[in-house]
Enquirer: 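Dropping a structure here in C-alpha cells format, bear with me for questions.
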Amino acid sequence: MIINKKIHNVEISNLEKVNKLLLKKDLDANILIIDQNLKSNKYIKKLISKFGPRCLLIKGHEKIKSLDNYCTYIEKILKIGVQRKSKLISIGGGTIGDFAGFLASSLLRGIDHYMIPSSLLAMVDSSIGGKTGLNSKYGKNLVGSFYLPEKVMICPELLNTLPNRELSCGFAEIIKYSLIKPNNFKKRLLKYDFKINSDLVSIIKYSIKTKINYVDDFKEKSSHRSSRAILNFGHSIGHAIENSNLYKSNIKHGEAIALGMLIELKISEYLGYYNKPIDQTMNLLKKFNLPTSYENYLSNDKIKKLMQKMKYDKKVSDNYINIICIDNKGGFIKKLSFEKLEKILTKII
Ligand SMILES: NC(=O)c1ccc[n+]([C@@H]2O[C@H](COP(=O)([O-])OP(=O)(O)OC[C@H]3O[C@@H](n4cnc5c(N)ncnc54)[C@H](O)[C@@H]3O)[C@@H](O)[C@H]2O)c1
Ligand SMILES: [Zn+2]
C-alpha cells in the first residue's frame, strides 16, 4: 500500500512553461486529459491541437469518478497506445486529478502522472499527498490508491476563469489549515482582497506546505498531532452532510466542510478544548462566501440521520468515531462513542 515514492514534487509555474515542457518530447507517447471547461484558454488550445488524438477532453464532475467511466477510459487509452515511458498528464480540478491519478496508477501497473491542478481546491488540497480515488455506489472514494504524481505544476493564472463559488470552496480547505495549525495565517486570510495576485500565490504556497507536513510520511495511523487524520477536521460532519444531501449541488464539498468545521469547533468548545469566540471563524467563513447556518442539515429531527451517515465514514471503528477537535495548539484526534457524540450534538445545536 505504501509506495516508496515519497517526494512531493510541487512547483509554482505558469502555462507558458508547462506548454514548453509538455511539447518538448514524447508527444507520440504521452496522454493528456483536460477539463473541458479550460478549452478556451489559449495555452490549453495549443496543447489540445498538438496532442491531437492523444488528448482526451472530459467535463470535470464528481460523476466521472465512477467504475464504469474508469473502464471506458482505460480501454480508450490502451487503444490510443501507451508505453512504460508514457506520462499521463492531467489538467483539471480535483475530480480530474483523482480520476487521472487512478488511471496512471493502474495503467501498465503504473505510469508517471504529471498533474496540473486548475481549481483552488485542487491546488491546495487534492493534488497534494498522492491519494487517487473513484466512487462506488456504496460511497465516495472507496476505490483508489496512494500514488504520488511525478510532478505537480501549479499555474495560478488558471484561477482567472474559476467560478467564484468554486474559489470559495477552495478557501474552505485553506481556512481549515488556519485552524488545525494556528498562527498568523488567519490574519493573512482576513486581509486578502480576492484578487488573483501574489497574496493569493503566497496563501496557496503556505497551504501546500501545511498539507505536505501532514502527509509526508503517510502517517494515517498515527494518533499524533501531525497525523494525516488531522486533515479531516470538519470532514466527519461535513461528509455526513454531503451524504445525507445525496451529493446534490445545492451544497458543494467546501460548503459542507465549512458547516462541518463550525460544528466540530462547537464540539471542541463543548468539551472544554476551544475557548476562543466561534464568531471569529464564522466571520472568516462569511468573508469567503461560505455558509454558516446549518439548520437545514442539523436540527433535532435530523441528528439521527446524520449519525447514521457517519457510521459509514472510513474513520469509524466499532462504535467509535475519531473527531478532530481544536484547542489552542491546533487539531488533535478525539475518539468519541456515537452515543456521546449524539448527546453532544443535541446540546450544541
Ligand atoms: N485526492 C485527494 O487527496 C483529495 C482531497 C480533496 C478533495 N479531493 C477530491 O477533489 C474533488 C473536488 O475537486 P474540485 O472542487 O476541484 O472539483 P471539480 O474537478 O469538479 O471542479 C469543480 C468545477 O470547476 C470547474 N473548473 C475547474 N478548474 C477550472 C478553471 N480553472 N476554470 C473554470 N472552471 C474550472 C470544473 O470543470 C468543475 O465544474 C472531489 O472529487 C474530492 O473527492 C481529493
Ligand atoms: Zn475536503
Side-chain angles (χ1 to χ4, degrees), residues 8 15 33-41 43-44 57-66 69 90-102 104-105 113 115-136 139-149 152 154-177 180 196 207-208 211-212 214-215 218 220 228-239 241-243 247 249 251-261 264 290 314 324:
H8 302 269
L15 285 173
I33 293 183
I34 298 189
D35 188 322
Q36 256 184 26
N37 278 345
L38 306 175
K39 68 180 182 200
S40 50
N41 178 297
Y43 292 105
I44 302 287
L57 283 168
I58 306 184
K59 196 163 168 26
H61 192 277
E62 199 57 41
K63 289 206 174 93
I64 63 164
K65 288 171 55 176
S66 74
N69 205 39
S90 67
I91 313 183
T95 57
I96 298 268
D98 277 13
F99 180 62
F102 192 60
S105 77
H113 182 201
M115 197 190 257
I116 296 116
S118 68
S119 67
L120 182 60
L121 185 141
M123 291 179 191
V124 299
D125 189 355
S126 64
S127 64
I128 313 299
K131 278 188 180 176
T132 78
L134 299 181
N135 305 326
S136 134
K140 258 188 87 170
N141 296 325
L142 292 183
V143 180
S145 53
F146 280 104
Y147 197 70
L148 277 176
V152 179
I154 311 273
C155 304
E157 70 209 269
L158 280 167
L159 298 176
N160 285 318
T161 54
L162 188 70
N164 287 339
R165 197 170 163 205
E166 299 297 345
L167 202 66
S168 292
C169 285
F171 271 105
E173 305 288 355
I174 293 174
I175 291 170
K176 176 185 80 178
Y177 297 136
I180 59 175
I196 314 290
S207 301
I208 293 170
K211 179 151 183 191
I212 288 178
Y214 286 98
V215 296
F218 289 91
E220 192 112 60
R228 189 171 188 145
I230 307 294
L231 296 167
N232 289 325
F233 173 59
H235 283 63
S236 299
I237 303 279
H239 279 157
I241 290 176
E242 276 185 289
N243 194 324
Y247 298 101
S249 58
I251 179 135
K252 289 182 171 273
H253 177 73
E255 294 164 342
I257 295 320
L259 298 179
M261 288 194 289
E264 292 179 21
L290 288 159
K314 289 199 281 294
I324 305 306

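Order of listing sets the numbers, starting from 1, for every ligand and every atom in it. Small disclaimer: the values here were computed from a predicted structure and weren't measured.
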Enquirer: Supply the atom-to-atom distance Leu159 CG to Ser119 OG, rounded to the nearest 0.5 angstrom.
Expert: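 Rounded to the nearest 0.5 Å, the CG-OG separation comes to 8.0 Å.
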
Enquirer: Let me confirm one number: the CG-SG distance from Asn160 to Cys155, rounded to the nearest 0.5 Å.
Expert: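 Asn160 atom CG to Cys155 atom SG measures 11.5 Å (nearest 0.5 Å).
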
Enquirer: Could you list the residues that satisfy side-chain contact (heavy atoms from CB on, under 4.5 Å) with Ser168, not counting sequence neighbours?
Expert: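 side-chain contact (heavy atoms from CB on, under 4.5 Å) list for Ser168, sorted by chain: Asn289, Leu290.
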
Enquirer: Among all protein heavy atoms, pick the one closest to atom 43 (O) of ligand 1 and tell me residue, atom and distance.
Expert: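 Protein heavy atom at minimum distance: Lys65 NZ, 3.0 Å.
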
Enquirer: When you look for heavy atoms under 4.0 Å from ligand 1, do you find them on the side chain of Leu159, its backbone, both, or neither?
Expert: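 None of Leu159 does.
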
Enquirer: Roughly how far, to the nearest 0.5 Å, is CD of Glu62 from OG of Ser249?
Expert: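 Reported to 0.5 Å precision, the distance equals 12.0 Å.
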
Enquirer: Mark the output for Lys211 as yes if a heavy-atom distance to ligand 1 is under 4.0 Å, and as no if none is.
Expert: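 For ligand 1, residue contact (heavy atoms, under 4.0 Å) with Lys211 is present.
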
Enquirer: For Asp35, counting its heavy atoms only, list the atoms of ligand 1 lying under 4.0 Å from any of them.
Expert: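 So the atoms of ligand 1 that pass are 36 (C), 37 (O).
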
Enquirer: Give the residue, atom name and distance (to 0.1 Å) of the protein heavy atom nearest atom 8 (N) of ligand 1.
Expert: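 Of every protein heavy atom, Ser126 CB, 3.5 Å lies nearest to atom 8 (N) of ligand 1.
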
Enquirer: With a heavy-atom distance limit of 4.0 Å, tell me whether Leu121 approaches ligand 1 through its side chain, its backbone, both, or neither.
Expert: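 Looking at Leu121 and ligand 1, just side chain atoms fall under 4.0 Å.
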
Enquirer: Would you kindly specify which portion of Thr132 sits under 4.0 Å from ligand 1, judged on non-hydrogen atoms: side chain, backbone, both or neither?
Expert: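 It is neither; nothing of Thr132 touches ligand 1.
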
Enquirer: Test of understanding: given a 4.0 Å heavy-atom threshold, classify the contact between Leu162 and ligand 1 as side chain, backbone, both, or neither.
Expert: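 Both of them.
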
Enquirer: Which atoms of ligand 1 are found less than 4.0 Å from any heavy atom of Ser118?
Expert: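 Matching atoms, with element in brackets: 27 (C), 28 (N), 29 (C), 30 (C), 31 (N).
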
Enquirer: With atoms numbered from 1 as shown, which atoms in ligand 1 lie under 4.0 angstrom from a non-hydrogen atom of Lys140?
Expert: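 Those of ligand 1 that fall under 4.0 Å from Lys140 are 43 (O).
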
Enquirer: Hey, is the main chain of Asn141 close enough, under 3.5 Å, to the side chain of Asn135 for a donor-acceptor pair?
Expert: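 It does hold such a pair.
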
Enquirer: I need the nearest protein heavy-atom contact for atom 38 (C) of ligand 1: residue, atom name and distance, please.
Expert: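 So the nearest neighbour among protein heavy atoms is Gly60 O, 3.6 Å.
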
Enquirer: Nearest to atom 21 (O) of ligand 1, what protein heavy atom do you find, and at what distance?
Expert: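 I find the closest protein heavy atom is Gly93 CA, 4.3 Å.
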
Enquirer: Could you count the protein N, O or S atoms found under 2.8 Å away from the Zn ion (ligand 2)?
Expert: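 Excluding waters, the total comes to 3.
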
Enquirer: Check Glu166 against ligand 1 and report side chain, backbone, both or neither, counting heavy atoms closer than 4.0 Å.
Expert: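 The answer is the side chain.
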
Enquirer: Judged by atom type as modelled, is there a donor-acceptor pair below 3.5 Å linking the side chain of Ser127 to the main-chain atoms of Val124?
Expert: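 No; judged by distance alone, with no hydrogens or angles, the pair does not exist.
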
Enquirer: Going by the order shown, which atoms of ligand 1 are within less than 4.0 Å of some heavy atom of Asn37?
Expert: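 Every atom of ligand 1 under 4.0 Å from some heavy atom of Asn37: 25 (C), 34 (N), 36 (C), 37 (O), 39 (O).
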
Enquirer: Near Asn141, which atoms of ligand 1 are under 4.0 Å from a heavy atom of that residue?
Expert: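 Going through ligand 1 atom by atom, the ones under 4.0 Å from Asn141 are 43 (O).
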
Enquirer: Can you tell me how far apart CE (Met123) and CD1 (Ile116) are? Round to the nearest 0.5 Å.
Expert: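 Result: 10.5 Å between the selected atoms.
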
Enquirer: Measure the distance from atom 19 (O) of ligand 1 to every protein heavy atom, then report the residue, atom name and distance (to 0.1 Å) of the closest one.
Expert: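 Here the nearest protein heavy atom works out to Thr95 OG1, 2.7 Å.
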
Enquirer: Do ligand 1 and Asp125 have nitrogen or oxygen atoms that lie under 3.5 Å from each other?
Expert: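 No; every N/O pair is 3.5 Å or more apart.
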
Enquirer: Which residues pass the ring-ring contact (aromatic ring centres under 6.0 Å, His included) test with Tyr177, not counting sequence neighbours?
Expert: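 Per chain and number, Tyr177 pairs via ring-ring contact (aromatic ring centres under 6.0 Å, His included) with no residue.
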
Enquirer: Return the closest protein heavy atom for atom 1 (N) of ligand 1 as residue, atom name and distance.
Expert: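 I find the closest protein heavy atom is Lys131 O, 2.8 Å.
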
Enquirer: Is any side-chain heavy atom of Ile257 less than 4.5 Å from a side-chain heavy atom of Ile175?
Expert: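 In short, these two side chains do not touch, never coming nearer than 4.5 Å.
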
Enquirer: Who passes ring-ring contact (aromatic ring centres under 6.0 Å, His included) against Phe171, sequence neighbours left out?
Expert: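 Listed in chain order: Tyr192, Phe288.
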
Enquirer: Just jot down the ligand 1 atoms closer than 4.0 angstrom to any heavy atom of Leu158, in number order.
Expert: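 In order of number, 30 (C), 31 (N).
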
Enquirer: Under 4.0 Å between a Lys/Arg side-chain N and an Asp/Glu carboxylate O for Glu166 and Lys252?
Expert: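 Between Lys252 and Glu166 there is a salt bridge, with a charged N closer than 4.0 Å to a carboxylate O.
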
Enquirer: Taking the side chain as every heavy atom from C-beta outward, state whether Ile91 and Asp35 have any pair of such atoms under 4.5 Å apart.
Expert: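 They are not in contact (no side-chain heavy atoms under 4.5 Å apart), so the answer is no.
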
Enquirer: Can you tell me which portion of Lys59 lies within the under-4.0 Å heavy-atom range of ligand 1? Options are side chain, backbone, both, or neither.
Expert: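 Neither part.
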
Enquirer: Are Leu121 and Leu167 side-chain neighbours, meaning at least one heavy-atom pair lies under 4.5 Å?
Expert: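 They are not in contact (no side-chain heavy atoms under 4.5 Å apart), so the answer is no.
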
Enquirer: Against heavy atoms of Leu38, which atoms of ligand 1 measure under 4.0 Å?
Expert: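 Here the atoms of ligand 1 in question are 29 (C), 30 (C), 31 (N), 32 (N).
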
Enquirer: May I have the step-by-step check of side-chain contact (heavy atoms from CB on, under 4.5 Å) for Tyr43 and Glu157, ending in yes or no?
Expert: CA-CA 11 Å; Tyr43 292 105; Glu157 70 209 269; 4.1 Å; yes

Enquirer: Side-chain donor-acceptor pair under 3.5 Å between Thr132 and Ser105, yes or no?
Expert: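 Ser105 and Thr132 do not have a side-chain donor-acceptor pair below 3.5 Å.
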
Enquirer: Could you find the nearest protein heavy atom to atom 14 (P) of ligand 1 and give me its residue, atom name and distance?
Expert: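 Result: Gly94 N, 3.5 Å.
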
Enquirer: Just need the protein heavy atom nearest to atom 9 (C) of ligand 1, so name the residue and atom and give the distance.
Expert: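 For atom 9 (C) of ligand 1, the nearest protein heavy atom comes out as Asp98 OD2, 3.4 Å.
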
Enquirer: Please classify the Glu62 to ligand 1 contact at 4.0 Å (heavy-atom distances, strictly less than): side chain, backbone, both or neither.
Expert: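 The part of Glu62 near ligand 1 is the side chain, not the backbone.
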
Enquirer: As an exercise, state the distance from CD1 of Ile180 to CZ of Phe233, rounded to the nearest 0.5 Å.
Expert: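 One gets 8.5 Å once the value is rounded to the nearest 0.5 Å.
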
Enquirer: Is Glu173 paired with Lys211 through a side-chain N to carboxylate O contact shorter than 4.0 Å?
Expert: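 Not counted as a salt bridge, because no side-chain N and carboxylate O are separated by less than 4.0 Å.
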
Enquirer: Considering the heavy atoms of Thr161, write down every atom of ligand 1 situated less than 4.0 Å from one of them.
Expert: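 Under 4.0 Å from Thr161, ligand 1 has these atoms: 30 (C), 31 (N), 32 (N), 33 (C).
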
Enquirer: With rounding to the nearest 0.5 angstrom, report the CD1 to CG distance, Ile58 to Asn37.
Expert: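 It comes to 12.5 Å.
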
